[in-house]
Amino acid sequence: MKRDRVRLLLALTLLAAPLTGCGIRATEVPTDFGPAPSRVHCSLADPEVTTRPTRGVPVQVFLLCGSSLVAVDRAVRVPDGTADSARRVLVAQGLLDELADSPSVAEKEAGYTTDVRGGMKVGGPAPEDPDDTLRLSTSPGDLTSYALAQLVCTFSDSAAAEGDGSVVLGGPAPDRPRRYECTDEVRSRPGSAEPPSSEVPDD
């Protein structure tokens, strides 16, 4: 009886040996979920290629790309001999139109977009405004944070402003204009960092 028990234990040991040596292979979790999402480069494939007609005054506008603002080249037309006050407004309207226009095919492929909508107009100061005021047909407070950042950074970096990194913007009268600044934080996080602004005294 004891001998039979020993034989049974020996048989079970021999039977279990191959199973133990083989082991159970861990389940492999599939990692191929298809192609990775395309990465936004925010740069044109061929920087030598002009994406817009170059007739007119060379300017830059800020488009959205990769959740930040990126400057791209444009041109606006201003008739020769235009007075400085009218020139500022013409440049501002040209910049506004370029911002509202759809990016070129090459720019879209590189990830560029705009949040500025068409139909908006810009004019000069009201009688009580500072001379460098630009009044929009839509109140700045009614724009999205992205669109406001695009406008402020584009205007403040152009002949439409005084060149100090800020621009005085207002909506339709009697909306009071404010001085807006384009900061590094606004350029890098236009969706969450609105342009700092401050009140301006009456002229």
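For the single chain, residues carry numbers from 1 onward in sequence order.
Taken to the nearest 0.5 Å, the OG1 atom of Thr114 stands 6.0 Å off from the CG atom of Leu63. Distance check, rounded to the nearest 0.5 Å: CE of Met120 to CD of Gln93 gives 9.0 Å. One distance of note links OG1 of Thr144 with CZ of Arg117; it measures 7.0 Å at 0.5 Å rounding.
Side chains of Arg179 and Ser166: a donor on one and an acceptor on the other come within 3.5 Å. Judged by distance alone, the side chains of Thr138 and Lys121 never bring a donor and an acceptor atom under 3.5 Å apart.
No side-chain heavy atom of Ser145 sits less than 4.5 Å from a side-chain heavy atom of Leu148. Two residues are said to be in side-chain contact when any heavy atoms from C-beta on lie closer than 4.5 Å; Val72 and Tyr112 meet this criterion.
Ser188 approaches Ser68 most closely through the heavy-atom pair O-CB, 3.7 Å. Minimum heavy-atom separation, Arg135 to Pro172: NH1-C, 3.8 Å. Taking every heavy atom of both residues into account, Ala160 and Ala92 meet most closely at CB-CB, 3.9 Å. Closest heavy-atom contact between Ala149 and Pro190: CB-CB, 3.7 Å. In this structure, Thr82 and Ala86 approach most closely via the heavy-atom pair CG2-CB, 3.7 Å. Among all heavy-atom pairs drawn from Ser156 and Ala161, the shortest one is CA-CB, 3.9 Å.
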Would Lys108 and Thr113 count as a side-chain hydrogen bond (donor to acceptor under 3.5 Å, both in side chains) if you check the C-alpha gap in whole Å, the side-chain angles of each, and the deciding distance to 0.1 Å? CA-CA 7 Å; Lys108 286 180 180 178; Thr113 62; over 6 Å; no

Please lay out, stage by stage, how Arg178 and Val200 fare under the test side-chain contact (heavy atoms from CB on, under 4.5 Å). CA-CA 6 Å; Arg178 298 181 65 84; Val200 294; 5.8 Å; no

Determine whether Leu151 and Leu99 satisfy the following criterion, side-chain contact (heavy atoms from CB on, under 4.5 Å), listing intermediate values before the conclusion. CA-CA 8 Å; Leu151 286 174; Leu99 285 171; 3.6 Å; yes

Show your reasoning for whether side-chain contact (heavy atoms from CB on, under 4.5 Å) applies to Val186 and Cys153. CA-CA 8 Å; Val186 171; Cys153 289; 4.0 Å; yes

Before giving the answer on side-chain contact (heavy atoms from CB on, under 4.5 Å), spell out for Gln150 and Leu69 the whole-Å C-alpha distance, their side-chain angles and the decisive distance to 0.1 Å. CA-CA 7 Å; Gln150 285 184 262; Leu69 294 181; 3.8 Å; yes

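A donor-acceptor pair under 3.5 Å is absent between the side-chain atoms of Arg77 and the main chain of Val57, judged by distance alone. In this structure, the side chain of Glu107 engages the main chain of Ser104 through a donor-acceptor pair within 3.5 Å. The backbone N or O of Phe62 sits less than 3.5 Å from a side-chain atom of Thr154, completing a donor-acceptor pair. Side chain of Asp101 to backbone of Glu98: no donor-acceptor contact under 3.5 angstrom is found. In this structure, the side chain of Asp129 does not engage the main chain of Pro125 through any donor-acceptor pair within 3.5 Å.
A salt bridge is absent between Glu181 and Arg187; no separation between the charged side-chain nitrogens and carboxylate oxygens falls under 4.0 Å. Taking 4.0 Å as the cut-off between side-chain N and carboxylate O, Asp184 and Arg189 do not count as a salt-bridged pair.
Test Val61, Val168, Leu134 against Phe155 for side chain to side chain contact (heavy atoms under 4.5 Å, CB included) and you get one pass: Leu134. Checking each of Asp157, Thr183, Leu143, Leu169 against Val152 for a side chain to side chain contact (heavy atoms under 4.5 Å, CB included) leaves exactly one that passes, namely Leu169.
Few gaps surround CG on Asp164; more than 12 heavy atoms of other groups in view lie less than 6.0 Å from it.
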